[in-house]
2 protein chains.
Amino acid sequence: MDSHPSHGDRSAACDELFKALSDGTRRALLEYLVRQGEQSVHALTAISAVSQPMVSRHLAKLKRARLVTARRAGRETYYSARVKGLAPVVQWMAIYGALWSQRFTALEELADPA
Amino acid sequence: MDSHPSHGDRSAACDELFKALSDGTRRALLEYLVRQGEQSVHALTAISAVSQPMVSRHLAKLKRARLVTARRAGRETYYSARVKGLAPVVQWMAIYGALWSQRFTALEELADPA
DNA sequence: TCAATTCATAACTTTATGGTTATGGATTTG
DNA sequence: CAAATCCATAACCATAAAGTTATGAATTGA
């Protein structure tokens, strides 16, 4: 089943990525991090419609999908968007025909900069 | 909450798209359709690891996300991949900074060929 | 006509997911 | 030190989702 060993388990990565992105609250968190840069959980809770524990759990899911990174500073945890994390998704989209894959080629280098 | 009215309900579209893509079986079906072209449910069941009813339900979900189209011919239903269906996802990804959005610009025209 | 094929839907089970409130650890601050 | 702040986790609930088998409608073919 592993048609390209060097890619590792890309399918599993896509599963986690797509699942992580399939929730509007998580996408909103990610968008905010992309636009505003590193933010504390407190700040992210303030702009979210859900409770702080839920924000923490959403962030944990984004982190497991490698779409954000966390940095602890004292009692605060600062999260940042990890742009490269989308790469497996972009690579997967390359199945969508030549037109698309041509344009995606440059992006694939981000993930596989060999 | 509607920061850009002309986009319609893009967020809901992304929700359905990402959810549709978050399942490996569905992605496999889609990949097969992209590579092999129009296929009957029977043929798609043959290449899937799950039962025929499950294949039908996965296809229904892909159809609701507008990632496939269905054509009934006698007792068979032929499904086809709908390439443009990914457009909202691609557009959403444009939030990922200038580097990415530059390259996505051309793709966005696919969805909004005004 | 009768049997077989193709597909979708119903009914059901199990597990995953999004949400809540409550709690407790770690760190600042008064 | 005590109180307040920040965060993560636990416990719980409700719903969604993936899977199964059973069934039935529609079409094809003998």
Side-chain angles (χ1 to χ4, degrees), chain A residues 1 11-33 36-81, chain B residues 1 11-33 36-81:
Chain A
M1 287 283 176
S11 176
C14 280
D15 254 60
E16 265 192 296
L17 278 169
F18 280 124
K19 270 179 200 148
L21 295 172
S22 71
D23 181 84
T25 302
R26 278 192 294 269
R27 285 200 307 279
L29 288 170
L30 203 48
E31 290 175 36
Y32 192 75
L33 289 174
Q36 306 296 124
E38 192 180 58
Q39 297 288 327
S40 70
V41 175
H42 185 66
L44 292 170
T45 299
I47 60 114
S48 289
V50 296
S51 61
Q52 174 268 310
M54 205 57 216
V55 170
S56 282
R57 271 177 41 183
H58 280 311
L59 289 169
K61 192 150 196 171
L62 288 170
K63 190 171 152 200
R64 282 198 47 206
R66 301 179 56 76
L67 285 169
V68 301
T69 58
R71 174 179 72 87
R72 189 99 198 216
R75 59 184 166 182
E76 293 171 71
T77 306
Y78 289 96
Y79 284 86
S80 308
Chain B
M1 286 282 178
S11 175
C14 280
D15 256 58
E16 263 192 297
L17 277 169
F18 280 124
K19 270 179 199 147
L21 295 172
S22 71
D23 181 86
T25 301
R26 277 193 296 268
R27 284 200 308 280
L29 287 170
L30 203 48
E31 289 175 37
Y32 192 75
L33 289 174
Q36 304 297 123
E38 192 180 58
Q39 298 287 327
S40 70
V41 175
H42 186 66
L44 292 170
T45 299
I47 60 112
S48 288
V50 296
S51 61
Q52 174 267 312
M54 205 56 218
V55 171
S56 281
R57 272 177 40 184
H58 279 312
L59 289 168
K61 193 150 195 171
L62 289 170
K63 190 171 152 200
R64 280 197 49 205
R66 301 180 55 77
L67 285 169
V68 301
T69 57
R71 174 179 72 86
R72 188 101 199 214
R75 59 185 164 182
E76 294 170 72
T77 305
Y78 290 96
Y79 284 86
S80 308

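Note: hydrogens, waters and symmetry copies are ignored here, and every other heavy atom, side chains too, is used. In what follows, chains carry the letters A, B, and so on, assigned in the order in which the sequence lines appear, proteins first and then strands, with residues in each chain numbered from 1.
- Considering only the side chain of His42(A), dC6(D) comes nearest among dA17(D), dC6(D), dA18(D).
- Taking atom CG of residue Leu59(A) and atom P of nucleotide dT9(D), one finds them 12 Å apart after rounding to whole Å.
- Rounded to an integer number of Å, the gap from CG of Leu21(B) to P of dA17(D) is 14 Å.
- We find that NZ of Lys61(A) is positioned 15 Å from P of dT9(D), with the value rounded to whole Å.
- Of the side-chain N and O atoms in Lys19(B), none sit less than 4.0 angstrom from OP1 or OP2 of dA16(D).
- Rounded to whole angstrom, the span from the CG atom of Asp23(B) across to the P atom of dT15(C) amounts to 17 Å.
- In Arg64(A), the CZ atom is not crowded: 12 or fewer heavy atoms of neighbouring residues, nucleotides or ligands sit closer than 6.0 Å.
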Item to complete: Check the pair His58(A), Met54(A) against side chain to side chain contact (heavy atoms under 4.5 Å, CB included), reporting the backbone distance first and the verdict last.
Response: CA-CA 6 Å; His58(A) 280 311; Met54(A) 205 57 216; 3.7 Å; yes
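- Regarding Phe18(B), its CZ atom lies at a distance of 16 Å from the P atom of dA17(D), rounded to whole Å.
- Rounding to the nearest 0.5 Å places OH of Tyr78(B) at 11.0 Å from CG of Leu44(B).
- Contact annotation: Tyr79(B) side-chain N/O to dT6(C) OP1/OP2 distance is not under 4.0 Å.
- The line from CG of Leu62(B) to OG1 of Thr69(B) is 11.0 Å long, rounded to the nearest 0.5 Å.
- Although no hydrogens or angles enter the test, the distance criterion places no donor-acceptor pair under 3.5 Å between the side chain of Ser48(A) and the main chain of Thr45(A).
- Residues Asp15(A) and Gly24(B) share a closest heavy-atom pair of OD1-N, 3.6 Å.
- Atoms CZ (Arg27(B)) and C1' (dA18(D)) sit 14 Å apart, rounded to a whole Å.
- At least one donor-acceptor pair under 3.5 Å links the side chain of Arg26(A) to the backbone N or O of Lys19(A).
- Of the two residues near DNA chain D, Arg26(B) and Ala43(A), the one whose nearest nucleotide lies more 5' is Ala43(A).
- For dG19(D), the OP1/OP2 oxygens have a side-chain nitrogen or oxygen of His58(B) closer than 4.0 Å.
- Closest heavy-atom contact between Leu67(A) and Ala20(A): CD1-CB, 4.1 Å.
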Response to the item:
Protein heavy-atom contacts under 4.0 Å, written 5' to 3' over nucleotides 20-30 of chain C as B (base), S (sugar-phosphate only) or - (none), form the string BBB----BS--
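- The separation between Glu16(B) atom CD and dA17(D) atom C1' is 14 Å, rounded to whole Å.
- Backbone-only engagement by Ser40(B) is indicated by non-hydrogen atom pairs under 4.0 Å involving sugar-phosphate atoms exclusively.
- Looking only at distances, a side-chain donor or acceptor of Arg27(B) sits under 3.5 Å from a matching main-chain atom of Leu21(B).
- Atom OG of Ser56(B) and atom NZ of Lys61(B) lie 15.0 Å apart (nearest 0.5 Å).
- For the helix from dT1(C)-dA30(D) to dG30(C)-dC1(D), the angle separating the two terminal helix axes comes to 10°, with each axis derived from five pairs and the value rounded to 10°.
- Whole-Å rounding puts the Tyr78(B) OH to dT6(C) P distance at 10 Å.
- A close approach under 4.0 Å does occur between a side-chain nitrogen or oxygen of Thr77(A) and OP1 or OP2 of dA8(D).
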